[in-house]
J.: 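For reference, the structure I am asking about is given below.
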Amino acid sequence: MTTLAIIGGQVLLPDLTVERADLLVDRDAGEIVEIGSDLEGDERLDASGGLVIPGLVNGHCHVAMSLLRGYADDKPLDAWLREDIWPAEGALTAEDVRAGAELGLLEMIEAGTTAFADMYFEVGEIVEAVETAGVRARLGHGIVTVGKDDAAARADAEESLAVAREFAGAADGRISTAFMPHSLTTVGTEYLEEFVPKARDAGVPIHYHANETDEEVAPIVEEEGVRPLVYAAERGILEPQDFLAHAVHVDREEIDLLAERGTGVIHCPASNMKLASGMAPVEEMREAGVTVGIGTDGAASNNDLDPFGEARDAAMVGKLASGDASAVPADAVVGMATAGSADAVGIEGGRLEEGAPADIAVVDLDSAHLTPRHDLVSHLAYAVRGSDVRHTVCGGEVLMRNREVLTLDSEGVRERAQKRAEAVAERA
Ligand SMILES: [Zn+2]
């Protein structure tokens with residue numbers, strides 16, 4: 001066994017208490033073997049003056065969209081997608097997707113993110129980028145059937161199925177997959193009915209957008225006579241292993257249905273605010289027992305992939321939505337950004353304990369905006385920034401040491417992304 005010792009820091013435990021301790025990692029198994037004092041390892045990471053936390057889990061992203069960061073802002077979802085994002089995405093080549101994915105992964109590692117769930121296209125490129133970057137991911141191809149003839153729609157659904165089958169278990173098991181209809185209004189019922197049973201046969205979960213805007217709810221209520229998540233349950237895509245992004249416009253019946261079915265929800269507060277989609281009833285969902293995680297969504301609607309910013313937004317918007325300052329408290333959002341997201345998307349992690357995957361971030365507390373230190377969970381929720389992360393570790397591999405990313409060539413990744421983004425804007 002070769003070991004890594006993370007020493008001299010304070011450690012955030014699964015019950016969200018903080019203890020002064022060292023961590024010992026078995027690098028071969030990729031697991032935490034001991035949390036205790038005076039631990040020694042073959043390799044060491046200095047955590048003195050730092051807080052050792054589980055690597056953050058970004059529950060819903062389109063990582064390659066980092067190439068479209070700042071390309072189009074200040075429009076509602078429908079116009080933003082149709083006028084700007086879809087035409088630009090139509091101009092993306094496989095190489096562009098690769099460059100955007102590497103850029104997003106660089107940003108994630110720099111901010112302590114060790115796992116994410118993604119939906120995009122050219123997924124083979126994203127798989128290779130994740131293999132190199134060293135994080136964990138649940139990846140898949142997003143299906144859109146509206147506006148396509150039957151042959152093109154079926155080909156898109158077949159692609160999502162093929163990707164889910166092909167890449168499950170890739171990167172030594174760090175990559176898992178899902179079948180990914182884009183949303184309940186952009187994929188026709190007949191395609192869900194035909195392909196969801198095939199995804200079940202392949203043993204993969206379903207990841208989709210749901211109830212993001214009012215415009216996504218009304219057509220289903222009109223045409224089907226039921227709320228969208230009742231429709232989803234009837235189509236067989238509201239199972240415990242499934243997870244959906246947004247759930248902004250959900251009613252009481254839908255919240256109870258989510259809790260009863262055990263389907264995970266990924267809350268994306270920055271994206272919901274920026275596109276003025278609405279405020280998700282996070283406190284009600286939590287109280288009902290729904291598994292809620294946090295996601296950044298794509299960088300084009302955020303515009304960064306900072307999990308700490310997202311946790312802070314979740315707390316703030318949760319309070320506004322409830323009209324109650326005690327709603328969605330600090331410990332809730334810290335839990336949602338770690339174990340909550342991990343559980344919702346079905347990725348192991350989100351907790352520092354013996355036997356858990358060694359997915360770890362070390363936050364440097366030595367700065368003005370983190371002084372004084374009354375309550376470190378409060379700091380994680382409200383004051384820490386992604387740029388405070390000193391080291392990032394996934395599966396026992398050090399991905400960033402002292403803010404230097406070791407698995408990606410930071411300068412090269414940024415240069416390629418800049419060049420490709422300029423060319424895409426010209427072609428779109
Ligand atoms: Zn999304």
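Just follow the structure's listing: the first ligand is 1, and inside any ligand the first atom is 1. Below, each value reflects all heavy atoms present in this structure, side chains not excepted, and no hydrogens, waters or symmetry copies.
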J.: So does Ile143 get a backbone contact from the side chain of His182, meaning a donor-acceptor N/O pair under 3.5 Å?
T.: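 Checked: no pair found.
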
J.: Regarding Thr113 and Asn58, is there a side-chain donor-to-acceptor distance under 3.5 Å anywhere?
T.: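 Asn58 and Thr113 do not have a side-chain donor-acceptor pair below 3.5 Å.
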
J.: What angle, in degrees and rounded to 10°, do you get at the Zn ion (ligand 1) when you join it to NE2 of His62 and to OD1 of Asp297?
T.: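 Answer comes to 90°, rounded to 10°.
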
J.: Could you tell me whether the Zn ion (ligand 1) has an N, O or S atom of His209 under 2.8 Å away?
T.: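 Coordinating: yes.
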
J.: Roughly how far apart are Thr263 OG1 and Glu254 CD, rounded to 0.5 Å?
T.: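 That separation rounds to 12.0 Å.
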
J.: Find, among atoms of His60 that are N, O or S, the one nearest to the Zn ion (ligand 1), and state its name.
T.: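 Considering only N, O and S atoms, His60 comes nearest to the Zn ion (ligand 1) through NE2.
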
J.: If you measure only the distance, is there a donor-acceptor pair under 3.5 Å linking the side chains of Asp297 and His60?
T.: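 His60 and Asp297 do have a side-chain donor-acceptor pair below 3.5 Å.
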
